[in-house]
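Counting convention: from 1, in listed order, for ligands and their atoms alike.
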Amino acid sequence: MVKPFVPQLVYVEPRALEYPLGKKLLKKFEDMDIEIRETTSHNQIRNLPGENHFQKYRMAKSTLVVGVRKTLKFDTSKPSAEYAIPFATGCMGHCHYCYLQTTMGSKPYIRTYVNVEEIFDAAEEYMRERAPDPTRFEASCTSDIVGVDHLTHTLKRAIEYFGESEHGRLRFVTKFAHVDHLLDAKHNGKTRFRFSINDDYIIKYFEPGTSRLNERIDAAAKIAEAGYPLGFIVAPIYLHEGWKEGYKEMFEKLEAELPSYARKDLTFEMIQHRFTKPAKRVIEQNYPMTKLELDESKRKWKWGKYGIGKYVYTTEEQEDIKDTLGGYINHYFPEAKIEYFT
Ligand code: SF4
């Protein structure tokens, strides 16, 4: 059982203390007896404990920065939402294929932003521009927001904020099962709570530091019981020996545990494993012992964003994935909607 995240080290930006949440978190971490350091900006964090890259990287992933979000211009977030809403960046998990390794580069520590009201105000503007069409905000583009929320309750506030909004919708995805504080949030059906799932083999070998499949499924059942629209992202779909059996077992478990009323408005997203050349280099540095298959010659090359090509499965393999996993979903959850495969 993965315990809820507790940082080993906390940095506080002085400006964060101008906000109620900043003060509250400082007091909380003092009471928890966690080492606290002051920093004028997270960019100044250079002297993290550790003798080499491997140790410093791990320390950074146990470090929480309490800061202020300066950029209130939101990135777009296709295909699952219109905008990415920034409540936090970074993650305490150690998934070998995590995209944050390349996007966060040398700053893998976790940051939580305390100017939540200002972030809501910015969201309000985006909603106004698109009204009366709904605007969907994705809260997990740069972090696993649920993984840190038992400490900050920012996500809980956001769920209630969008619950009251006329045109806003919130969505996020998590690999963590620490959802109890979110069960009584007044979501009004405006938040789609998604869990990222994978078969036991993949979680065991490639997703250290995250909740196990059974824990995620138990949490999903609780979330369904709390009346949230529910979804699952099967990602990254990774072909290992016995993958068809592994994924079948995953869907069987899901089908056995999920209450029947959760199946009517259920979504699935499917994302195959992919990597870029820069990502491969970082993965080999951060997780040198990984069993992850990163052989370009076995993959198909595909144009990616910003001109960086990515390596995906071959066309035949992709068809096989779609048929096999799509088939399981149709069989076990005939009422669910498959949103996309990418
Ligand atoms: S849980 Fe998600 S964000 Fe965290 S390390 Fe794993 S893939 Fe990355």
Side-chain angles (χ1 to χ4, degrees), residues 1-8 54 56-65 75 77 80-81 84-113 138-152 154-155 171-179 182 193-217 219-220 231-238 269-276 278-280 282-292 294 310 342:
M1 167 106 191
V2 171
K3 294 210 182 90
F5 171 65
V6 175
Q8 274 180 265
F54 188 84
K56 281 184 195 293
Y57 179 75
R58 274 146 189 82
M59 188 64 206
K61 281 201 154 249
S62 297
T63 299
L64 181 68
V65 182
D75 285 334
S77 175
S80 74
I85 189 161
F87 295 122
T89 50
C91 180
M92 62 297 297
H94 276 282
C95 305
H96 295 183
Y97 31 55
C98 180
Y99 60 104
L100 296 177
Q101 292 177 82
T102 34
T103 55
M104 301 196 57
S106 59
K107 304 187 179 75
Y109 39 76
I110 301 142
R111 273 186 278 159
T112 183
Y113 303 116
E138 170 68 62
S140 49
C141 285
T142 53
S143 70
D144 189 312
I145 182 81
V146 175
V148 71
D149 203 61
H150 60 282
L151 297 170
T152 62
T154 303
L155 186 63
R171 43 204 286 138
F172 48 85
V173 58
T174 184
K175 288 187 169 75
F176 290 91
H178 312 120
V179 300
L182 300 171
F193 207 125
R194 289 125 85 221
F195 287 86
S196 165
I197 51 170
N198 229 316
D199 77 11
D200 283 318
Y201 173 93
I202 295 171
I203 293 179
K204 176 173 176 196
Y205 286 107
F206 305 122
E207 300 189 351
T210 65
S211 298
R212 307 294 85 183
L213 178 61
N214 290 344
E215 296 168 337
R216 293 183 212 174
I217 295 178
F232 292 98
I233 306 193
V234 189
I237 299 164
Y238 178 80
E269 294 154 81
M270 298 198 280
I271 306 175
Q272 64 174 309
H273 178 248
R274 76 274 316 276
F275 63 93
T276 60
K280 178 175 173 172
V282 197
I283 292 168
E284 285 170 347
Q285 198 187 14
N286 290 337
Y287 303 103
M289 303 297 284
T290 188
K291 288 157 76 92
L292 199 62
L294 298 167
K310 54 189 170 188
T342 178

N, O or S from His94 under 2.8 Å to atom 4 (Fe) of ligand 1: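 No - counting backbone and side chain alike, His94 has no N, O or S atom under 2.8 Å.
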Phe232 side chain near Phe195 side chain, heavy-atom distance below 4.5 Å: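 A side-chain contact under 4.5 Å exists here.
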pair Thr210-Arg216: side-chain heavy atoms closer than 4.5 Å: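 In short, these two side chains touch, coming nearer than 4.5 Å.
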Nearest non-hydrogen protein atom, [atom]:
atom	value
atom 6 (Fe) of ligand 1	Cys95 SG, 2.3 Å
atom 2 (Fe) of ligand 1	Lys175 NZ, 3.9 Å
atom 8 (Fe) of ligand 1	Cys98 SG, 2.3 Å

Distance, nearest 0.5 Å, that separates CD1 of Ile203 from SG of Cys95: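 Between Ile203 CD1 and Cys95 SG, I get 9.0 Å after rounding to 0.5 Å.
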Gap between atom CD1 of Ile237 and atom CZ of Arg274 - 0.5 Å precision: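 Spacing of CZ (Arg274) from CD1 (Ile237) equals 9.5 Å.
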Exercise: do His96 and Tyr205 side chains pair donor with acceptor under 3.5 Å: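 Their side chains do not contain a donor-acceptor pair, so the 3.5 Å distance test is not met.
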For Gly93, the ligand 1 atoms whose distance to one of its heavy atoms is below 4.0 Å: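 Heavy-atom distances to Gly93 below 4.0 Å select 5 (S).
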Under 4.0 Å to a heavy atom of Asp144 - the qualifying atoms of ligand 1, by number: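 It comes down to these atoms of ligand 1: 1 (S).
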Whether Tyr97 and His273 hold their rings parallel, tilted or perpendicular, with breakpoints at 30° and 60°: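 Because their plane-to-plane angle lies in the 30° to 60° range, the rings of Tyr97 and His273 count as tilted.
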Nearest option to atom 3 (S) of ligand 1, as decided by whichever heavy atom of Ser140, Cys91, Ala235 sits closest: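 Going through Ser140, Cys91, Ala235 one by one, Cys91 has the nearest heavy atom to atom 3 (S) of ligand 1.
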Leu100 and ligand 1 - part of the residue with a heavy-atom distance under 4.0 Å: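 Side chain only.
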